[in-house]
Amino acid sequence: MAAALLANTLYSVGFVLEKRALTSLPEVSIRQPARLLRLVLGSPLWIGGSLALAAGFAAQLVVYRTLPIAAAQGIFVSGLVLLVLLSARLLGEETSGRERYALGAILLALLMVVLSLREGSDTVGHDAPYQLILLVCVPSLAAGVWLYASAERRTRNRHRRPTTGVEYGVAVGLLYGVSSLAIKGVSSRLTTPGIGGAVPALLSSPYPYLLLFTGVFGLVMSQAALQRCRASLIVPVCTTVTSLFTAVLGTLSFGEALPDEPLRLALRVAGTALAVAVLLTMPKHDTAPQPSPPAEELASP
């Protein structure tokens, strides 16, 4: 629990720092990944945010070795509250009443998942068939890249209403969901006694290569999306998709059993269903007033 809450804090701080750094940089695009990386690596604030995210990744490894996947994802969602508070304080982002209700519902879903836990009675899976992992992950990666490209095409249409970033969040969330399964797999490989046995076991699995792919593409895609959209909305959507993807498919892939007691089972299933319902009802367009164009732009022909 302590490691999960630490990971939440580090992830929230990391995303907010990266968002603040991106607001002062020129516009970035996934079509120019080298330029994007050059710009962000030249920002000390962005590097600080990345270091916080890396520390959150290390804390996540500890969580996956001690908690079932579904339970861990429920706790990770609690970081959304801190993220919204930091976004309002440091980024000046305001959330609508509808979005605040949605965050409240997500917290309720978290509480239901936490109440479904019982120490010593939940199994923690440590292995999954590689064929099953690839069957789950490869189509998900393709769907995430396709959805992101579709969102980019729609965003370039000047006549469309400003997007909140829900589509971007779902796309990046799919990539991070695959990354989360890979992190779970890496944590299981690290249980091998001695580094001489752990490294070959890790390199012979698909997990480090999935992490490499999601790390590179997730970095480029998430930074471009963060610059265009509010962190207080895109990150919660991304986190919800990642958590649901990992909780459902990770539980099945790693063979982790659901609670046997009817009440605990109902709490966990209902919490997951509530999170899905919140995601489906999130607003797709930004209703915040847009800044007026400069006077010289209005005067130009």
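Along the sequence shown, the residues carry numbers beginning at 1.
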(message) Less than 4.5 Å apart, side chain to side chain, heavy atoms only: is that true for Ser50 and Glu18?
(response) yes
(message) Using 0.5 Å steps for rounding, measure from the CE atom of Met112 to the CG atom of Leu267.
(response) 5.5 Å
(request) Grab the two heavy atoms, one from Ala59 and one from Ala7, that are nearest each other, plus how far apart they are. (result) CB-CB, 3.8 Å
(request) May I ask you to check whether Gln227 and Glu27 show a side-chain donor-acceptor distance below 3.5 Å? (result) no
(request) Any chance you could measure Arg20, atom CZ, to Leu226, atom CG, to the nearest 0.5 Å? (result) 14.5 Å
(request) Answer with yes or no whether the hydrophobic clustering places Ile30 together with Leu41; edges join I, L, V, M, F, W, Y residues whose side-chain heavy atoms lie under 4.5 Å apart. (result) yes
(message) If I compare all heavy atoms of Gly144 with all of Met221, which pair ends up nearest, and what's the gap?
(response) O-CE, 4.1 Å
(message) Same cluster or not: Leu51 versus Val62, using hydrophobic residues (I, L, V, M, F, W, Y) connected whenever any side-chain heavy atoms lie under 4.5 Å apart?
(response) no
(message) As an exercise, state the distance from CG of Leu22 to CG of Leu39, rounded to the nearest 0.5 Å.
(response) 9.5 Å
(request) Grab the two heavy atoms, one from Leu134 and one from Pro206, that are nearest each other, plus how far apart they are. (result) CD2-CB, 4.0 Å
(message) Between Arg228 and Glu152, is the side-chain contact (heavy atoms from CB on, under 4.5 Å) condition met? List the steps.
(response) CA-CA 11 Å; Arg228 293 182 178 89; Glu152 282 282 277; 3.4 Å; yes
(request) For side-chain contact (heavy atoms from CB on, under 4.5 Å), just list the numbers for Tyr130 and Ser205, CA-CA rounded to whole Å, side-chain angles, deciding distance to a tenth of an Å, and then say yes or no. (result) CA-CA 7 Å; Tyr130 294 159; Ser205 72; 3.3 Å; yes
(request) Please list, chain by chain and in numerical order, all residues satisfying side-chain contact (heavy atoms from CB on, under 4.5 Å) with Pro262, sequence neighbours excluded. (result) none
(request) Quick one: closest heavy-atom pair of Thr242 and Gly173, and the distance? (result) OG1-O, 3.0 Å
(message) My understanding is that a hydrophobic cluster links ILVMFWY residues whose side chain heavy atoms are under 4.5 Å apart, including indirect links. Using that, what else belongs to the cluster containing Leu10?
(response) Leu6
(message) If the condition is side-chain contact (heavy atoms from CB on, under 4.5 Å), which residues does Arg38 pass it with, not counting sequence neighbours?
(response) Arg35
(request) Can you measure from CZ (Phe245) to OG (Ser140) and round to the nearest 0.5 angstrom? (result) 3.5 Å
(message) Between Leu181 and Leu132, is there shared hydrophobic-cluster membership here, with clusters defined by ILVMFWY side-chain heavy atoms closer than 4.5 Å?
(response) yes
(message) Under the rule for side-chain contact (heavy atoms from CB on, under 4.5 Å), what residues qualify as partners of Leu17, not counting sequence neighbours?
(response) Val13, Leu45
(message) Before you tell me yes or no, could you show the steps for Leu175 and Leu141 under side-chain contact (heavy atoms from CB on, under 4.5 Å), namely the whole-Å CA-CA distance, both residues' side-chain angles and the distance that decides it to 0.1 Å?
(response) CA-CA 6 Å; Leu175 261 72; Leu141 292 174; 4.0 Å; yes
(request) Please list, chain by chain and in numerical order, all residues satisfying side chain to side chain donor-acceptor pair (under 3.5 Å) with Thr23, sequence neighbours excluded. (result) none
(request) Under the ring pair (Phe, Tyr, Trp, His ring centres under 6.0 Å) rule, collect the residues that match up with Tyr148, sequence neighbours excluded. (result) Tyr168
(message) According to a hydrophobic-cluster definition based on side-chain heavy atoms being under 4.5 Å apart (Ile, Leu, Val, Met, Phe, Trp, Tyr only), do Leu147 and Val138 belong together?
(response) no
(request) For Ser43, enumerate each residue passing the side chain to side chain donor-acceptor pair (under 3.5 Å) test, keeping only those at least two apart in sequence or located in another chain. (result) none
(message) Ignoring hydrogens, what is the shortest heavy-atom contact between Val186 and Tyr207? Give both atom names and the distance.
(response) CG2-CB, 3.9 Å
(request) Can you sort out the partners of Ser222 under side chain to side chain donor-acceptor pair (under 3.5 Å), two or more places apart, ordered by chain and number? (result) Tyr176
Can I get a per-line list of side-chain donor-acceptor pairs under 3.5 Å for residues 210-220, giving both atom names and the distance, sequence neighbours left out?
residue: Thr214; atom: OG1; partner: Leu210; partner atom: O; Å: 2.8
residue: Thr214; atom: OG1; partner: Leu211; partner atom: O; Å: 3.2

(message) Test: ring-ring contact (aromatic ring centres under 6.0 Å, His included). Region: residues 11-60. Which pairs qualify, not counting sequence neighbours?
(response) none
(request) Say whether Trp146 and Val237 are linked into one hydrophobic cluster, either directly or through other cluster members, by side-chain heavy-atom distances under 4.5 angstrom. (result) yes
(message) Determine whether Ser87 and Val16 satisfy the following criterion, side-chain contact (heavy atoms from CB on, under 4.5 Å), listing intermediate values before the conclusion.
(response) CA-CA 6 Å; Ser87 297; Val16 169; 4.0 Å; yes
(request) Report the residues that fulfil side-chain contact (heavy atoms from CB on, under 4.5 Å) with Pro139, sequence neighbours left out, ordered by chain and then residue number. (result) none
